[in-house]
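Quick note on labels: first sequence line is chain A, next is B, and so on, each numbered from 1.
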Protein chains: 2
Amino acid sequence: MTELKIQHILTLSYLLSKGAKYNYVSITTSSLGKNIKKSQQAASKHLLELEQNQFIERIISGRNISVKITSKGYSEMVKLSAILQKSLDSSPSHVELKGTLVSGMGEGAYYMGLKGYTKQFQSKIGYVPYPGTLNVRLDQKIHQEAIKQFETLNGVKINSFSDGKRTYGWVKCFNAKLNNSTNCELIILERTHHDDSIIELISKSCMRKTAKLKDGSKVSIKIPINS
Amino acid sequence: MTELKIQHILTLSYLLSKGAKYNYVSITTSSLGKNIKKSQQAASKHLLELEQNQFIERIISGRNISVKITSKGYSEMVKLSAILQKSLDSSPSHVELKGTLVSGMGEGAYYMGLKGYTKQFQSKIGYVPYPGTLNVRLDQKIHQEAIKQFETLNGVKINSFSDGKRTYGWVKCFNAKLNNSTNCELIILERTHHDDSIIELISKSCMRKTAKLKDGSKVSIKIPINS
DNA sequence: ATTACTACGTCTCGAGTAA
DNA sequence: TTTACTCGAGACGTAGTAA
């Protein structure tokens with residue numbers, strides 16, 4: 001049994017949309033050509049080949065050509081569409097980052113402890129974070145690159161605020177799971193104070209204790225993507 | 001902007017199924033080749049071209065290659081999948097037959113009037129047909145061919161029966177609309193007594209009267225397909 | 001083992017054109 | 001107008017092979 005050639009799927013798709021599943025529909029090769037963005041000659045060849053391989057049936061009366069898709073042709077299209085559909089759906093909806101626990105400068109703890117932030121944390125993520133952020137260095141390039149997409153993804157937005165002297169930038173939170181067990185939030189800062197390879201996490205309790213971590217521990221962070 | 005080449009969709013589909021929408025996933029060109037049923041070399045070329053046209057991003061560290069689909073690549077796949085999906089869904093779910101009203105031999109009327117049939121008609125299609133079938137000759141080849149598929153489609157099945165002397169074959173009924181207005185049933189007989197170009201219709205009342213028809217009238221019959 | 005180059009063969013397309 | 005042929009150009013895939 002001959003396989004459906006990949007370049008024929010647009011032709012079959014067009015025929016299908018014209019109702020060629022149950023009825024013989026009359027078409028011209030030039031109109032088909034336009035629709036699949038190929039020449040009239042290519043369209044003609046497509047029909048010929050599809051007929052030869054029994055994906056379609058043709059009835060020719062004079063200049064008029066009528067085409068119907070066979071059940072074999074239809075099921076091939078269903079199969080292909082299902083493959084695409086499945087691959088689009090099944091794409092795992094989380095990002096996994098791996099890295100090493102490092103010491104921060106205490107800056108994160110200072111900023112995140114400001115009232116302008118803690119009030120919003122309480123209402124938007126449901127808790128006031130333990131004072132102190134967990135800094136993780138992403139050792140591999142693939143994780144350093146993967147983190148960049150969070151700039152464009154939508155998380156829980158903690159708005160910027162001002163205390164009269166200066167303004168503090170916004171913070172985006174993404175729910176995450178540390179080492180498959182500890183719930184926490186990955187935070188993306190408007191004004192970051194370190195390079196792309198360091199990420200910061202906050203949590204309700206002290207993660208160094210609950211997850212039994214110390215500097216140099218290898219950690220995994222999984223962030224579900226909900227879109 | 002370069003278009004996504006049709007031969008690359010299987011590669012993108014495979015990457016997607018490996019989770020390459022959000023994460024960089026590491027793959028080998030030979031495993032990709034196997035999955036898309038092409039050689040390792042072809043797979044390598046595919047990745048190179050996809051990267052060139054910004055459908056994917058690659059990170060190469062030594063022998064290891066990691067790939068992530070770009071948003072451009074993802075949306076192209078969504079687009080294509082939608083086109084296929086739509087063409088599969090939107091296929092008109094009815095068959096239209098056109099033909100000319102002709103006189104039957106009265107045989108249809110005789111058989112369909114037998115109690116073994118009429119009892120089943122009453123319970124399965126909700127009425128006892130007007131005694132007499134409407135015979136329509138399908139003038140065009142495309143309609144003569146289209147009628148053949150009803151052999152394999154499932155309609156309302158009127159079972160065969162025996163009166164002791166002989167058995168009478170089964171009858172399949174398909175709800176139909178005559179000239180867009182009169183409800184009737186297309187009947188497919190196990191033992192037909194005429195050639196493929198003649199179809200028979202039954203209805204509750206006399207269609208020649210209700211639809212104002214006489215021999216030679218051109219008629220249209222639309223049969224919804226429910227599958 | 002890996003990726004990806006060159007070389008070559010085959011497939012696909014489109015221009016020209018016949019019927 | 002149609003469809004579909006021939007044929008040349010270029011796209012695509014694979015074998016062999018280097019790194």
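For the OP1/OP2 pair of C:dT3 and a distance below 4.0 Å, the side-chain nitrogens and oxygens of B:Thr29 include at least one atom meeting the criterion. Between A:Lys37 and C:dC13 there is no side-chain polar atom (N or O) within less than 4.0 angstrom of OP1 or OP2.
Nearest to the side-chain atoms of B:Arg63 among the listed nucleotides C:dT3, C:dT2, D:dT2 stands C:dT2.
Counted by atom type alone, B:Tyr24 and A:Gln140 present zero donor-acceptor pairs between their side chains at under 3.5 Å. At a cut-off of 3.5 Å, with distance as the only test, no side-chain donor of A:Thr29 or A:Ser44 sits close to an acceptor on the other residue. Between A:Asp215 and A:Ser217, the side chains place no donor N or O within less than 3.5 Å of an acceptor N or O (distance only, hydrogens not considered). In this structure, a donor-acceptor pair under 3.5 Å is present between the side chains of B:Gln85 and A:Ser81. Side chain to side chain, A:Lys218 and A:Thr100 meet the donor-acceptor criterion of an N or O pair below 3.5 Å. Checked by atom type, the side-chain pair B:Ser203/B:Glu185 shows no donor-acceptor distance below 3.5 Å.
Taking atom CD1 of A:Ile65 as the reference point, atom P of C:dA19 lies 20 Å away to the nearest angstrom. Summarising the geometry, the separation between NZ on A:Lys38 and C1' on C:dT12 is reported as 9 Å, rounded to the nearest angstrom. Across the protein-nucleic acid pair, B:Gln40 atom CD and C:dA1 atom C1' stand 12 Å apart, rounded to whole Å. As rounded to whole Å, 12 Å separates atom C1' of D:dT2 from atom CD1 of A:Ile60. Put simply, CD1 on B:Ile36 is 12 Å from C1' on D:dC12, counting in whole angstrom units. One can place CG of B:Asn64 at 12 Å from C1' of C:dA1, the figure rounded to the nearest angstrom. Taking atom CD1 on B:Ile6 and atom P on C:dC13, their separation rounds to 11 Å, with Å as the unit. We find that NZ of B:Lys34 is positioned 10 Å from P of C:dA1, with the value rounded to whole Å.
Nucleic acid contact for B:Ile27: sugar-phosphate only, since backbone atoms but no base atoms lie under 4.0 Å from a heavy atom of the residue. Using a 4.0 Å heavy-atom cutoff across all strands shown, A:Gln7 reaches sugar-phosphate atoms only and no base atom.
Cation-pi geometry between B:Lys72 and B:Phe55 is met: under 6.0 angstrom from the ring centre, within 45 degrees of the axis.
Proximity of residues 41-52 of chain B to DNA chain C (heavy atom under 4.0 angstrom from any strand atom) is restricted to B:Gln41, B:Ser44, B:Leu48.
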